[in-house]
Engineer: 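Below is the structure I would like to discuss, written out as C-alpha cells.
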Amino acid sequence: MKQLSTKVTSNGHGQDSSYFLGWEEYEKNPYDEIKNPNGMIQMGLAENQLCFDLIESWLAKNPDAASLKRNGQSIFRELALFQDYHGMPEFKKAMAEFMEEIRGNRVTFDPKKIVLAAGSTSANETLMFCLAEPGDAFLLPTPYYPGFDRDLKWRTGAEIVPIHCSSSNGFQITEAALQQAYQQAHKLDLKVKGVLVTNPSNPLGTALTRRELNLLVDFITSKNIHLISDEIYSGTMFGFEQFISVMDVLKDKKLENTEVSKRVHVVYSLSKDLGLPGFRVGAIYSNDEMIVSAATKMSSFGLVSSQTQYLLSALLSDKKFTSQYLEENQKRLKSRQKQLVSGLESAGITCLRSNAGLFCWVDMRHLLDTNTFEAELDLWKKIVYNVKLNISPGSSCHCTEPGWFRVCFANMSEDTLDLALKRLKTFVESTDCGRMISRSSHERLKSLRKKTVSNWVFRVSWSDRVPDER
Amino acid sequence: MDLLSRKATCNSHGQDSSYFLGWEEYEKNPYDVLKNPHGIIQMGLAENQLCFDLLESWLVQNPDAASFKRDGQSIFRELALFQDYHGLSSFKNALANFMSENRQNRVFFDSNNLVLTAGATSANETLMFCLANPGDAFLLPTPYYPGFDRDLKWRTGVEIVPIQCLSSNGFRITKHALEEAYEQAKKLNLNVKGVLITNPSNPLGTTTTQTELNILFEFISKNKNIHLVSDEIYSGTAFSSSEFISVMEILKNNQLENTDVFNRVHIVYSLSKDLGLPGFRVGAIYSNDKDVISAATKMSSFGLVSSQTQYLLSSLLSDKEFTKTYLRENQSRLKYRQRMLVTGLEAIGIGCLKSNAGLFCWVDMRHLLSSKTFEAEMDLWKKIVYEVKLNISPGSACHCEEPGWFRVCFANMSEETLKLALKRLKKFVDNGALTCSRKKTMTTISNWVFRLSFHDRDAEER
C-alpha cells in the first residue's frame with residue numbers, strides 16, 4: 001500500500017462537482033466569435049486583456065528586452081546564470097517605482113524591502129509560512145477570493161476565520177464584524193495572527209475606504225497582530241476617488257518606522273494591472289527585516305525567471321510607458337465597467353457600485369426563487385446552461401448572503417460583452433421579471449443538484465481548472 | 001506573543017560564521033582575469049558554463065523563440081495569459097523527449113506524468129509535501145547537497161536521516177548502511193517515508209551503480225510504504241550516457257510496471273545543470289502515481305515556470321538536431337574539463353574519487369589535515385580560502401562522515417582560470433604551507449551549517 005501525505009489525501013474531500021460543472025461546460029463549449037458563436041462566454045476569469053496593444057507596441061520598439069540583449073549586446077549568459085534570491089536589483093527598483101506611481105508617488109517603496117515571488121499565489125503562501133504556525137488563524141473579510149482557501153491554508157496549516165460583511169452597508173468592514181471574527185476565532189481555540197484584506201477587493205471591485213483602513217490599522221495595533229494588504233488590483237482603480245493604500249494610511253497616521261509599521265505587509269503582482277499572469281511575477285513588501293530575510297530565502301521555492309525579470313525591468317523602467325499605460329488602463333477599464341453596469345441595468349440588474357477591479361459584484365437576489373444558497377446554485381446553473389455565461393456564484397467567495405455573483409468584464413472584446421448582456425437580458429425577460437420558474441423545471445434542477453455547497457468548494461477540488469482565475 | 005512563525009525565526013539560529021566566511025571573502029574579492037587577477041577563484045558553485053556558445057548560436061538562428069513569435073506571428077497575448085498549472089504541452093513534450101534522449105532513449109517519459117516547477121528546489125520540496133507528513137523522515141546517502149536540509153525539511157517538517165557512506169568503498173550505498181539508517185530512524189521514532197538519492201551524485205560526481213540501485217529497489221520492494229525519489233538533475237552531465245542508469249530503467253528492466261513499486265518511484269529533473277540555465281527556474285517532477293501527479297500539479301501553483309521561459313525552451317528542446325549536438329558536446333567538454341582538474345590535482349599529489357559525471361570532483365585532501373578531525377578540515381578550508389584564494393566546499397557542509405574531503409567545481413570558469421587555480425594550489429602544497437598545523441580555537445562545526453545561515457549568499461549553489 002502506497003502512502004501519501006494527508007495534504008494529498010485530504011485533497012479529494014469536499015469536492016463539489018456543481019462548481020466544477022461551470023468550468024467543464026466552458027471547456028467543452030467555449031465561445032468563439034466565428035467558430036462557435038453560441039458557445040459559453042467566460043465571465044468567471046479575472047484577466048485584464050484590455051491593454052495588450054500597449055505592451056506589444058512597446059515590445060516592437062524595444063526588441064532587446066525580450067531578445068536577452070542590453071544595448072545590442074547579448075547578456076544571455078548573465079541572465080541564464082542569475083538565480084540570486086535577492087532578485088535583479090534593476091527589476092526590484094523598477095517594481096518599487098511602479099508601485100509608487102500607482103499610488104500617485106505619495107508613498108515610497110524601498111526596493112530592499114521587496115521580496116520577489118512566483119506570482120502573488122506564492123507571495124501570499126510565503127507570508128503565511130512566515131507569520132503563522134499551523135493552527136493559527138487569519139481573519140478575512142467576506143466575500144473573498146476562493147483561491148485563498150488553498151493559498152493561505154493548504155500547505156501552511158493556517159486557518160481562515162471570516163469577517164462577515166453584508167450588503168446592508170455595501171459589504172464594508174465594520175468594527176463590530178472585526179471584533180466578532182476575533183471572538184469567533186477564540187471560540188474555535190485559534191490564535192489570531194493577523195488580518196488579510198484584498199484592496200481593491202476581489203470580488204467586490206471596490207477600494208477600501210479610508211475609514212475601513214483606519215479601522216484595520218487601529219485594530220491590528222490594539223491586538224498586536226499583522227495586517228496583510230493584497231494590493232494586486234491597485235492599478236485597476238478607475239473611480240474618481242484615489243486609491244488609498246495601507247501604506248498611505250501608515251504615512252498619514254505618522255506610523256512609519258514604528259512597531260506597527262513592521263506588522264503591515266503588502267502583496268503585489270503584475271498579473272492584473274499588466275495582464276501578465278503567465279509570467280509569474282509577484283512580490284511581498286514588508287518593513288520587518290526578519291520577514292524580508294525569511295521570505296527571501298523562501299522565495300527559493302518560487303523565484304521569478306531571470307528572463308522575465310529582465311524583460312519587465314526594461315518595461316517598467318520606461319517611465320513614459322508606465323505613465324501612459326496606467327492612464328490608458330484605467331480609462332479602458334472604466335469604460336468597460338460602465339458598459340457592463342449599464343447593460344445589466346437595462347436588464348433590471350444592479351451591481352455594487354464599484355471603482356476598481358476587473359469585475360462587478362452583481363446583485364441577482366431578485367432572481368432567486370428563495371433566499372437560499374440552493375436557489376443561488378439553481379440560478380447559477382441556469383445561467384451556465386441556458387444563458388451560456390460562466391460567472392462566479394457568491395457562495396464560492398464565502399459570501400454570507402445568497403444571490404450575488406462576480407461577473408468579469410476585462411477578459412473579452414466589447415462585442416462579446418454586448419452579446420453576453422443581450423443573452424442575459426433575454427433570459428431575465430423570459431423568466432417573467434425573474435420571479436416565476438415553472439414547477440417542472442424546478443424539480444428537474446433539484447434532481448440535478450448535488451449535495452449542499454460546502455464552504456470549501458474551491459479548496460483544491462478542481463482537477464482540470466485553470467489556476468489563479470481570481 | 002510570537003509575532004513571527006518559528007519557521008521565520010529559526011533562521012537566525014545555528015548560523016555558522018565559518019562557512020559564511022568563504023562566500024563573504026569571495027564576494028569581497030572576486031577573481032577577474034583583468035580587473036582582479038589575485039582575487040578569490042570561485043570553485044564552490046556547481047554551474048555549467050561550458051556550452052553557452054551552443055545556446056547563444058541557437059538563439060541567433062531562432063530569434064522567434066525569445067521574441068514571443070511563432071512562425072513570425074506574435075503570440076505575446078497567448079503567452080502573457082497562459083498560467084495553466086498543467087504547463088505548456090509543447091514544452092512538456094519537448095522536456096519529456098529531452099529526458100528520454102538523456103537516457104539514450106532506453107526509456108520513455110510520458111509528458112502526462114510530468115509536473116513543471118520553479119526549479120528542482122521547488123520540485124523536491126513539493127514532493128516532500130506530497131509524500132510525507134511533518135515528522136516523517138527520508139533517508140539520504142551522505143555526503144549530500146547541503147541545500148537539501150532547507151529544501152526537504154524547512155517548511156515541510158520532514159526529517160532527514162543519513163545513510164552513512166564511506167570512502168572505504170568509494171562512498172557507495174551498502175545494504176548495511178541503508179538498514180542501519182532505517183533502524184536509526186526507528187530509534188528516533190521517525191516514520192520513514194522514503195529514500196532520496198541524487199543520481200549522478202552531488203557532491204561525489206559519480207553515477208549510482210547497478211548494485212546500488214538493486215539494493216535500493218530491493219529495499220523499497222520489501223518495505224511497501226517507502227518511496228524512492230531519484231534527483232536526476234545531473235543526468236546530462238554523465239560523461240558517457242551508457243554509464244548513467246536511471247531508476248526509470250530499473251523499473252523497465254525489472255518489469256515493475258504492474259507492481260506497486262512502480263507508483264513509489266519518482267524522478268526530479270531540472271535544466272539548471274545540463275543546460276546551465278539556473279536563472280530560468282525550470283524543474284520537473286516525474287511520477288507514475290496519478291495522485292502524486294494530481295496533487296503536485298496543484299501545488300505547482302506556488303512555483304509555476306514563466307510562460308515566456310516555457311515557450312523559449314520548448315522551441316529549443318524541440319529542435320532535435322540541437323539537442324543531439326548539445327548533449328554530445330556537453331558531455332565531451334565536461335569530460336575534458338574534469339580530466340584537466342584531476343591531472344592537475346594528481347600533479348600536486350592530491351587524489352579525487354574517480355568520477356564519471358557532474359560539474360565537480362570529490363577531492364581527497366585527508367593527507368593535508370593536521371589531524372583527522374573536522375576542526376582540522378575547517379583549518380585547511382580557511383587556509384585554502386584566505387591564502388590560496390580558492391573557494392571550495394568542505395565535506396562537512398555536505399554531511400560527510402569523514403573529514404578531509406572537498407568538493408571542487410570545474411565547469412564554472414575558463415580553462416585558464418582553472419589552470420591558475422591549480423597553479424596556486426600547487427605552489428602552496430609544494431611550499432608545505434598547507435601541511436603545517438596551526439592551532440586555531442574555534443567552535444565545533446555543527447552538521448547544520450548550511451541550513452539557513454547565509455544571509456547574502458546566492459541561492460542554489462549546488
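Throughout, a chain's letter reflects where its sequence line sits, starting with A, and its residues are numbered from 1.
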Engineer: Is a side-chain N or O of S5(B) found less than 3.5 angstrom from the main chain of F129(A), in a donor-acceptor match?
Structural biologist: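 Yes, because the side chain of S5(B) sits within donor-acceptor range (under 3.5 Å) of the backbone of F129(A).
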
Engineer: Under 3.5 Å, side chain of S306(B) to main-chain N/O of R280(A), donor-acceptor pair present?
Structural biologist: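 Such a contact is absent between S306(B) side chain and R280(A) backbone.
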
Engineer: If you count heavy-atom pairs within less than 4.5 Å of chain B, which of A80(A), G302(A), S67(A) leads?
Structural biologist: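 Answer, by heavy-atom pair count under 4.5 Å with chain B: A80(A).
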
Engineer: Please flag which part of L68(A) lies under 4.5 Å from any non-hydrogen atom of chain B: side chain, backbone, both or neither.
Structural biologist: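 It is the side chain, since no backbone atom gets that close.
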
Engineer: Which answer fits L312(B), side chain, backbone, both or neither, if we ask what part of it has an atom under 4.5 Å from a heavy atom of chain A?
Structural biologist: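 Side chain only.
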
Engineer: Under 4.5 Å, counting heavy-atom pairs only, tell me which of A132(B), P134(B), G283(B), S67(B) racks up the most with chain A.
Structural biologist: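 Highest number of heavy-atom pairs under 4.5 Å: A132(B).
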
Engineer: Find the distance between CZ (F52(B)) and CD (E78(A)) and round it off to the nearest 0.5 Å.
Structural biologist: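 The distance works out to 11.0 Å.
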
Engineer: So what's closer than 4.5 Å to chain B heavy atoms on V281(A): side chain, backbone, both or neither?
Structural biologist: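 Neither part.
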
Engineer: Where the side chain of D291(B) meets the backbone of V8(A), is there a donor-acceptor pair that is under 3.5 Å apart?
Structural biologist: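 No; judged by distance alone, with no hydrogens or angles, the pair does not exist.
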
Engineer: Would you find more than 12 non-hydrogen atoms of other residues, nucleotides or ligands less than 6.0 Å from D53(B) atom CG?
Structural biologist: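 Yes, because the 6.0 Å sphere around CG of D53(B) holds more than 12 heavy atoms from other groups.
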
Engineer: Say you draw a straight line from OG of S301(B) to CD of E125(A); how long is it, rounded to the nearest 0.5 Å?
Structural biologist: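 Output value for this atom pair is 9.5 Å.
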
Engineer: Which pair of heavy atoms, one from L55(B) and one from F76(A), lies closest together, and at what distance?
Structural biologist: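 Of all heavy-atom pairs spanning L55(B) and F76(A), the closest is CB-CE2, 3.7 Å.
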
Engineer: Apply the test side-chain contact (heavy atoms from CB on, under 4.5 Å) to residues R155(A) and M299(B): give CA-CA distance (whole Å), side-chain angles for both, the deciding distance (0.1 Å), then the verdict.
Structural biologist: CA-CA 9 Å; R155(A) 307 191 308 180; M299(B) 286 190 188; 3.7 Å; yes

Engineer: Passes side-chain contact (heavy atoms from CB on, under 4.5 Å), T156(B) versus K7(A)? Steps please.
Structural biologist: CA-CA 11 Å; T156(B) 62; K7(A) 284 177 182 61; over 6 Å; no

Engineer: What part of F52(A) gets closer than 4.5 Å to chain B, counting heavy atoms only: side chain, backbone, both or neither?
Structural biologist: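 Its backbone and side chain both get close to chain B.
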
Engineer: How many angstroms lie between atom CD of Q83(B) and atom CG of L45(A), to the nearest 0.5 angstrom?
Structural biologist: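 Spacing of CD (Q83(B)) from CG (L45(A)) equals 7.0 Å.
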
Engineer: For D288(A), what residues pass the salt bridge (charged side-chain N to carboxylate O under 4.0 Å, His left out) criterion, not counting sequence neighbours?
Structural biologist: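 With sequence neighbours excluded, D288(A) shows a salt bridge (charged side-chain N to carboxylate O under 4.0 Å, His left out) to no residue whatsoever.
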
Engineer: Taking side chain as everything from C-beta outward and backbone as N, CA, C, O, which of these in L59(A) sits under 4.5 Å from a heavy atom of chain B? Side chain, backbone, both or neither.
Structural biologist: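 Only the side chain of L59(A) comes within 4.5 Å of chain B.
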
Engineer: Please identify each residue that fulfils salt bridge (charged side-chain N to carboxylate O under 4.0 Å, His left out) with E289(A), with sequence neighbours left out.
Structural biologist: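 With sequence neighbours excluded, E289(A) shows a salt bridge (charged side-chain N to carboxylate O under 4.0 Å, His left out) to no residue whatsoever.
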
Engineer: Taking the side chain as C-beta and beyond, is there a heavy-atom pair between E56(A) and F68(B) under 4.5 Å?
Structural biologist: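 No - every pair of side-chain heavy atoms lies 4.5 Å or more apart.
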
Engineer: With a 4.5 angstrom heavy-atom cut-off, could you sort out which part of T309(B) is near chain A: side chain, backbone, both or neither?
Structural biologist: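 Looking at T309(B), backbone and side chain both touch chain A.
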
Engineer: Does any heavy atom of chain A fall under 4.5 Å from the side chain of N223(B), the backbone, both, or neither of them?
Structural biologist: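 When you check distances to chain A, no heavy atom of N223(B) falls under 4.5 Å.
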
Engineer: At a 4.5 Å cut-off on heavy atoms, which part of V292(B) comes close to chain A: side chain, backbone, both, or neither?
Structural biologist: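 For V292(B), heavy atoms of backbone and side chain both lie under 4.5 Å from chain A.
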
Engineer: Quick one: closest heavy-atom pair of K193(B) and L4(A), and the distance?
Structural biologist: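 Heavy-atom minimum between the residues: NZ-O, 4.4 Å.
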
Engineer: For the interface with chain B, which of L276(A), L81(A), I55(A) has the highest count of heavy-atom pairs at distances below 4.5 Å?
Structural biologist: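 Answer, by heavy-atom pair count under 4.5 Å with chain B: L81(A).
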
Engineer: Taking side chain as everything from C-beta outward and backbone as N, CA, C, O, which of these in F280(B) sits under 4.5 Å from a heavy atom of chain A? Side chain, backbone, both or neither.
Structural biologist: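 Its backbone and side chain both get close to chain A.
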
Engineer: Would you compute the distance between atom CG of D53(A) and atom CZ of R77(B) and round it to the nearest 0.5 angstrom?
Structural biologist: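 That separation rounds to 6.0 Å.
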
Engineer: What is the distance from atom CG of L59(B) to atom NZ of K69(A), rounded to the nearest 0.5 Å?
Structural biologist: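 Reported to 0.5 Å precision, the distance equals 9.0 Å.
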
Engineer: Between G276(B), A296(B), G157(B), A66(B), which shows the greatest number of heavy-atom pairs under 4.5 Å with chain A?
Structural biologist: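 Result: the option with the highest number of such pairs is A66(B).
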
Engineer: When rounded to the nearest 0.5 angstrom, what distance separates CG in L127(B) from OG in S5(A)?
Structural biologist: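 Between L127(B) CG and S5(A) OG, I get 10.5 Å after rounding to 0.5 Å.
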
Engineer: Hey, which of L79(B), V261(B), T126(B) has the most heavy atom pairs under 4.5 Å with chain A?
Structural biologist: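 Ranked by heavy-atom pairs under 4.5 Å with chain A, first place is L79(B).
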
Engineer: Taking all non-hydrogen atoms of both residues, which atom of L4(B) and which atom of K193(A) are closest, and how far apart?
Structural biologist: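 Taking every non-hydrogen atom into account, O-NZ, 4.5 Å.
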
